[in-house]
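In this text, all values refer to a predicted model and were calculated from it rather than measured experimentally.
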Amino acid sequence: MQLPEAFKEKYNRLLGTDAAAFLASFDAEPVSGFRRDPAKPWPLDEAMNDPVPWSPWGYYGKIAGNDIDHVAGLVYSQEPSAQFVGTVAAPQAGERVLDLCAAPGGKSTQLASYLDGTGLLVSNEINPARSKVLSGNLERWGSRNILVTNNDPDTLAKAWPQTFDRILVDAPCSGEGMFRKDPDAVQYWHRDYPAECAARQKQILQAAVKMLQPGGNLIYSTCTFSPEEDEQIVAWLLTNYDMTLEPIKTYPGMETGRPEWADGNPALAKTVRLFPHRLRGEGHFVAKLRLAGEKPVRTAATLSLKPLAKPAMDMVRDFFTTSLNQSLSGQLYRHGDFLSLLPSTMLPFDRVKVVRAGLELGSFRKKRFEPSHSLATALSPKTFQTVIEVDQDGYARYRHGETLSVTATGKRFALLTFEHKPFAIGKIVNGTIKNFYPKGLRI
C-alpha cells in the first residue's frame with residue numbers, strides 16, 4: 001500500500017520502534033467478521049467456529065450477501081474491531097439509546113441485540129441516502145423498538161434535550177484504521193485532515209452531550225489512529241464538561257490510550273486502542289465517559305396519534321385474522337398510506353425527520369391492506385398462520401421477482417422460508433404465490 005509520506009513520518013515519530021510493524025500491517029489482508037442475531041436461534045453455518053474474543057455474538061469469517069443467513073437477518077457482516085464498540089456500549093434493558101452517526105448500521109444492530117426488544121434505540125444518519133441503507137439494515141435485523149432519523153445533531157439536540165441514558169458517537173473520522181479495508185480512503189488523507197475531522201467531531205459531541213441525561217454514558221469511538229481525533233478529543237471533553245472516564249475491559253492485543261499524545265491526563269489511559277499489528281482486526285479507538293449527576297426518574301412520553309378510521313382498521317383486522325396467529329402490541333401510527341406499530345417507549349418525533357418508526361406493518365392499497373416485508377424478518381414463523389418452505393430454486397426465483405406455484409388454494413398471505421429460515425412475504429392466490437418481495441432487494 002502506498003501510504004502518504006507525511007503519514008509514515010507521523011507514526012514513525014509517535015510509535016518509535018513499534019512503527020515498522022505498524023506500517024507493515026497495511027500490506028496484510030483486512031480481517032473480516034460477522035455477528036449472529038441472538039434473538040433468532042436458528043442453526044447457522046459450520047463456519048461459526050472462530051469466535052471474536054471481545055464480541056459475545058461475533059465470529060471471524062465472511063458472509064455472502066445472498067446467503068440465506070444474511071438475507072433472513074440471522075447474521076450481520078461487521079469487522080471484528082468495530083464489534084468491540086458495541087461491547088463497550090452494552091446498553092441495559094429498557095434504556096433509551098442514541099446511535100448518533102449510525103449508518104450503515106453495524107453498531108446499531110449490535111445495540112439492538114443488547115436491548116433485546118426493550119427500551120428504544122434511535123439510530124440517526126445525517127446523509128439521506130445512507131439513512132435509507134441504515135433503515136434497511138435494521139429492517140433486515142428485525143428491530144422493532146427503533147426510530148431511524150435523518151437529521152443533523154443540532155436538530156436532534158433541540159428536540160430531545162437530556163433524553164438518553166446512553167449515546168454512541170462513532171464519529172466520522174480520517175479513517176486511518178480502515179485503509180486496508182478501503183484503500184481508496186488513503187487518497188483523502190493529508191497532513192491537516194485529522195485536525196479538520198477533529199473540528200467536526202467536537203461539533204457533533206457538543207450536540208451529543210446536550211442529549212445525554214445526567215448520569216448517562218457517552219461512548220466515543222473512531223476508526224482512526226490519529227491522536228487529534230482520539231485522546232485529544234477525549235481530553236477536550238474532560239476539560240469542557242463535567243464528565244469522567246470509566247474503565248473498559250480489554251482483551252489480549254488491545255492497548256491503553258496514550259495520555260502523552262494529548263494533555264498528559266493519566267485518566268486517558270482508560271481509553272482503548274486497537275492496532276492491526278497487535279490483534280486480528282482493523283484500527284479502532286474507544287472511550288466510555290459518564291456525565292455527572294443522578295439519572296432523573298423517567299416519565300413516559302405522550303404521543304398524539306390519530307386513531308385509524310374504521311375502514312382502515314377493518315382492513316388491518318382482516319389481515320390479522322386471516323394471516324396471523326396472534327395480535328401485536330403497540331400503538332398504530334398511520335403516515336400517508338403506510339402503517340407502523342410503535343412501541344410504548346417511543347419518543348415524540350414531530351420535530352425530526354423520520355425514516356422509520358417502530359415496526360412497519362404494511363400499506364393501504366385500494367380497499368386492501370398489504371403487509372410489509374418487515375414482518376418476515378421481525379416476527380417469529382409461529383406468528384404466521386401459513387408458512388411455506390421453498391427449495392433453492394424457489395428461493396432464487398422469488399428473490400428475482402417471480403411467482404411460485406404451490407398446492408395451497410384460497411387467498412391469504414404467507415411467510416416464505418428457505419432452510420426453514422424466513423426471508424419474505426407472499427400472497428397465495430389459487431395455487432400461485434404472488435411476489436411481494438421488495439423491488440429494491442431483488443437480484
Is it the case that R191 places NZ or CZ above or below the six-membered ring of F7, under 6.0 angstrom from the centre and within 45 degrees of the axis?
no

Would you call D165 and R298 a salt bridge, using N to O less than 4.0 angstrom?
yes

Ring geometry between F26 and F179 (parallel below 30°, tilted from 30 to 60°, perpendicular above 60°)
tilted

Give a yes or no on this: more than 12 heavy atoms of other residues, nucleotides or ligands lie within 6.0 Å of atom NZ of K158.
no

Ion pair E228/K10, N-O distance below 4.0 Å:
yes

Does some side-chain heavy atom of S123 sit less than 4.5 Å from a side-chain heavy atom of L138?
yes

CA sep, side-chain torsions, deciding dist, call: S131, E125, side chain to side chain donor-acceptor pair (under 3.5 Å):
CA-CA 5 Å; S131 71; E125 170 57 41; over 6 Å; no

Does R180 pair with E282 as a salt bridge, N-O distance under 4.0 Å?
yes

Answer whether the closest heavy-atom distance between the side chains of N137 and P104 falls below 4.5 Å.
yes

Report yes or no: is the cationic atom of R36 (NZ for Lys, CZ for Arg) under 6.0 Å from the centre of the six-membered ring of Y59, at an angle within 45° of the ring normal?
no

Is there a side-chain contact between K270 and I248 in this structure, where contact means two heavy atoms from C-beta onward sitting under 4.5 Å apart?
no

Scan F413, Y437, F423 and name whichever one has a ring pair (Phe, Tyr, Trp, His ring centres under 6.0 Å) with H373.
Y437

For Y333 and L339: C-alpha separation, side-chain torsions, deciding distance, then whether side chain to side chain contact (heavy atoms under 4.5 Å, CB included) applies.
CA-CA 6 Å; Y333 164 56; L339 184 69; 5.8 Å; no

Side-chain donor or acceptor of E255 paired with backbone N/O of L274 under 3.5 Å:
no

Evaluation steps, side chain to side chain donor-acceptor pair (under 3.5 Å), between T224 and E176:
CA-CA 4 Å; T224 190; E176 297 170 354; 3.2 Å; yes

Can a donor-acceptor pair be found, under 3.5 Å and without considering hydrogens, that links the side chain of N240 to the backbone of W236?
yes

Would you say the rings of Y76 and W57 are close, in the sense that their centroids are separated by under 6.0 Å?
no

Please verify the inter-ring angle class for Y11 with F22; under 30° counts as parallel, over 60° as perpendicular, anything in between as tilted.
tilted

In the structure I gave you, are the side-chain heavy atoms of I425 and F384 within less than 4.5 Å of one another anywhere?
yes

Please walk me through it: do E139 and S374 pass side chain to side chain donor-acceptor pair (under 3.5 Å)?
CA-CA 6 Å; E139 175 186 54; S374 300; 2.6 Å; yes

I'd like to check V286 versus F84 (side-chain heavy atoms, cut-off strictly below 4.5 Å). Are they in contact?
yes

Does E231 come within less than 4.0 Å of R258, counting only side-chain N to carboxylate O?
no

So F164 and W160, would you call those rings parallel, tilted or perpendicular, with 30° and 60° as cut-offs?
perpendicular

Give the C-alpha distance, both sets of side-chain angles, the deciding distance and a yes or no for side chain to side chain donor-acceptor pair (under 3.5 Å) between T386 and R412.
CA-CA 8 Å; T386 305; R412 62 190 182 278; 2.9 Å; yes

Side chains of D318 and T321: do they bring a donor and an acceptor to under 3.5 Å?
no

Do L279 and V31 come within less than 4.5 Å of each other through their side chains, counting heavy atoms only?
no

Passing candidate, side chain to side chain donor-acceptor pair (under 3.5 Å) with S108, options D170, D99, N124
D99

Taking atom NZ as the centre, does K353 end up with more than 12 heavy-atom neighbours from other residues, nucleotides or ligands that are less than 6.0 angstrom away?
no

